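Please read all numbers here as calculations on a predicted model, not as lab measurements. In what follows, every heavy atom counts, from backbone to side chain, and hydrogens, waters and symmetry copies are set aside.
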Amino acid sequence: MSRICVIESGRSEWGIANASAESQVCSWAAGELQRYLERIGGVELPVANAAIEGPAIVVGLRADLGDAAALLPAAADGHDGFAVYVGEGKIVIGGDNERGVVYGVYELLERLGCRWYYPTMDPKDPEIVPALDTVEFEAGAMAIASPIPIRIDNASSFFFEIEPEVMIKQLDVAMKARYNGMGWQCDHRTPVGDQYGELVETGVIRELKNRGMLLHGPA
């Protein structure tokens, strides 16, 4: 099986093409891919909201991919699906919906050795991001979807007292583990609207929306 090199010795000719630039979630996913690839290979690949010349990682909804969609296998049966194609000069991450785009990005990063763990088990080591001189992927194509439509993470920080810093860490690792929502148990002693307003003000709702995640609650 041939391998496709994206970054070598701190250099790259590749860019990231965001085919779904009008989508908050897809744009966030493209930025997440850029951020982690820089950490892994030491190069910040440029992100463009249009097709780009030269080798490209194309990210977006299947419906927005244009000719690149033909490179992907058929969608898998299930929910929040995505497909990935890796070939010479072209890598395509196509989501059946917005969450699928995010999951596809994490699938590609996991192929490089990224691993994400529950963030309070060891605050000094919440994730594994390898440092690689050569960033390359095995050529091929695959499609994945979950058989479960609603996958709720009932994380400790979403119960009763609001802990924004921990909530954001926990929803982040939940999305990387392919959950699609967070369960929220509000505090019965405080008006629900006030608590939700605090979630908005502290950025928790923004981080959920960036990933296309559901908020199940206030229970």
Novice: According to a hydrophobic-cluster definition based on side-chain heavy atoms being under 4.5 Å apart (Ile, Leu, Val, Met, Phe, Trp, Tyr only), do Leu214 and Phe82 belong together?
Specialist: no
Novice: Is the closest side-chain heavy-atom distance between Val58 and Lys90 below 4.5 Å?
Specialist: yes
Novice: How close do Ile148 and Arg151 get, heavy atom to heavy atom, and via which atoms?
Specialist: O-NH1, 2.7 Å
Novice: Starting at CG of Leu208, measure out to CE of Met182 and round the result to the nearest 0.5 Å.
Specialist: 7.5 Å
Novice: Kindly check if the number of other-residue, nucleotide or ligand heavy atoms within 6.0 Å of CD (Glu165) is above 12?
Specialist: no
Novice: Are Ile144 and Tyr85 grouped together when hydrophobic residues (ILVMFWY) are joined by side-chain heavy atoms under 4.5 angstrom apart?
Specialist: no
Novice: Do Phe158 and Val204 touch side chain to side chain, with heavy atoms closer than 4.5 Å?
Specialist: yes
Novice: To the nearest 0.5 Å, tell me how far Met213 CE sits from Asn180 CG.
Specialist: 7.0 Å
Novice: Please check if Leu61 and Ile16 belong to a single hydrophobic cluster, counting links between Ile, Leu, Val, Met, Phe, Trp and Tyr side chain heavy atoms closer than 4.5 Å.
Specialist: yes
Novice: Between Gln170 and Ser157, is there a donor-acceptor pair closer than 3.5 Å when you use the side chain of the first and the backbone of the second?
Specialist: yes
Novice: Tell me whether Thr134 contacts the main-chain N or O of Glu8 through its side chain, where contact means a donor paired with an acceptor under 3.5 Å.
Specialist: no
Novice: Val105 versus Trp28: any side-chain heavy-atom pair under 4.5 Å?
Specialist: no
Novice: For Arg99 versus Gly212, what's the shortest heavy-atom pair and its separation?
Specialist: NH1-O, 2.7 Å
Novice: Within the supplied structure, the quantity of interest is the number of heavy atoms (other residues, nucleotides, ligands) at a distance under 6.0 Å from Glu13 CD; does it exceed 12?
Specialist: no
Novice: Is Arg178 salt-bridged to Glu107, going by a charged N under 4.0 Å from an acidic O?
Specialist: yes
Novice: When clusters are formed by joining ILVMFWY residues with side-chain heavy atoms under 4.5 Å apart, either directly or through shared neighbours, do Ile52 and Ile91 land in the same one?
Specialist: no
Novice: Working to the nearest 0.5 Å, report the span between CD of Glu198 and CD1 of Ile162.
Specialist: 4.0 Å
Novice: Within the supplied structure, the quantity of interest is the number of heavy atoms (other residues, nucleotides, ligands) at a distance under 6.0 Å from His79 NE2; does it exceed 12?
Specialist: yes
Novice: Closest heavy-atom contact between Ser12 and Val6?
Specialist: OG-O, 2.6 Å
Novice: What I'd like to find out is whether the side chain of Asn49 reaches to under 4.5 Å of the side chain of Glu22, using heavy atoms alone.
Specialist: no
Novice: Would Cys114 and Ile40 count as a side-chain contact (heavy atoms from CB on, under 4.5 Å) here? Give the steps.
Specialist: CA-CA 9 Å; Cys114 287; Ile40 294 167; 3.7 Å; yes
Novice: Has Tyr103 got a side-chain atom pairing as donor or acceptor with Tyr179's backbone, closer than 3.5 angstrom?
Specialist: yes
Novice: Between Ser146 and Asp80, do the side chains contain a donor N or O and an acceptor N or O under 3.5 Å apart?
Specialist: no
Novice: Establish whether Val166 and Tyr196 are linked, either directly or via other cluster members, by ILVMFWY side-chain heavy-atom contacts under 4.5 Å.
Specialist: no
Novice: If you compare all heavy atoms of Val192 against all heavy atoms of Cys186, which two are closest, and at what distance to 0.1 Å?
Specialist: CG2-SG, 3.9 Å
Novice: How many angstroms lie between CD in Glu136 and CD1 in Ile7, if you round to the nearest 0.5 Å?
Specialist: 11.5 Å
Novice: For the aromatic rings, using the six-membered ring if either is Trp, is the centroid distance between Trp14 and Phe137 under 6.0 Å?
Specialist: no
Novice: Search all heavy atoms of Cys26 against all heavy atoms of Val101 and return the closest pair with its distance.
Specialist: SG-CG2, 3.8 Å
Novice: Assess the residue pair Glu110 and Trp116 against the criterion (side-chain contact (heavy atoms from CB on, under 4.5 Å)); give the C-alpha distance rounded to whole Å, side-chain angles, the decisive distance to 0.1 Å, and a yes or no.
Specialist: CA-CA 9 Å; Glu110 286 175 352; Trp116 296 281; 3.4 Å; yes
Novice: With side-chain hydrogen bond (donor to acceptor under 3.5 Å, both in side chains) as the test, pick out the partner of Arg39 among Gln34, Glu44, Glu127.
Specialist: Glu127
Novice: Would you call Glu207 and Met175 a side-chain contact if the rule is heavy atoms closer than 4.5 Å?
Specialist: no
Novice: Kindly indicate whether the side chain of Gln195, heavy atoms from C-beta on, has any atom under 4.5 Å from the side chain of Leu199.
Specialist: no
Novice: Kindly indicate whether the side chain of Leu37, heavy atoms from C-beta on, has any atom under 4.5 Å from the side chain of Ile57.
Specialist: yes
Novice: For Ala74 and Ala143, which heavy atoms make the closest approach, and how far apart are they?
Specialist: O-CB, 3.4 Å
Novice: Give, for atom CD of Glu163 and atom OG of Ser156, the distance between the pair rounded to the nearest 0.5 Å.
Specialist: 6.5 Å
Novice: For the CD atom on Gln185, are there more than 12 heavy atoms of other groups (residues, nucleotides or ligands in this structure) within a distance under 6.0 Å?
Specialist: yes
Novice: Could you check whether any side-chain heavy atom of Arg11 comes within less than 4.5 Å of a side-chain heavy atom of Val43, counting everything from C-beta outward?
Specialist: no
Novice: Report the distance from atom CD1 of Ile4 to atom CD of Glu88, rounding to the nearest 0.5 Å.
Specialist: 4.5 Å
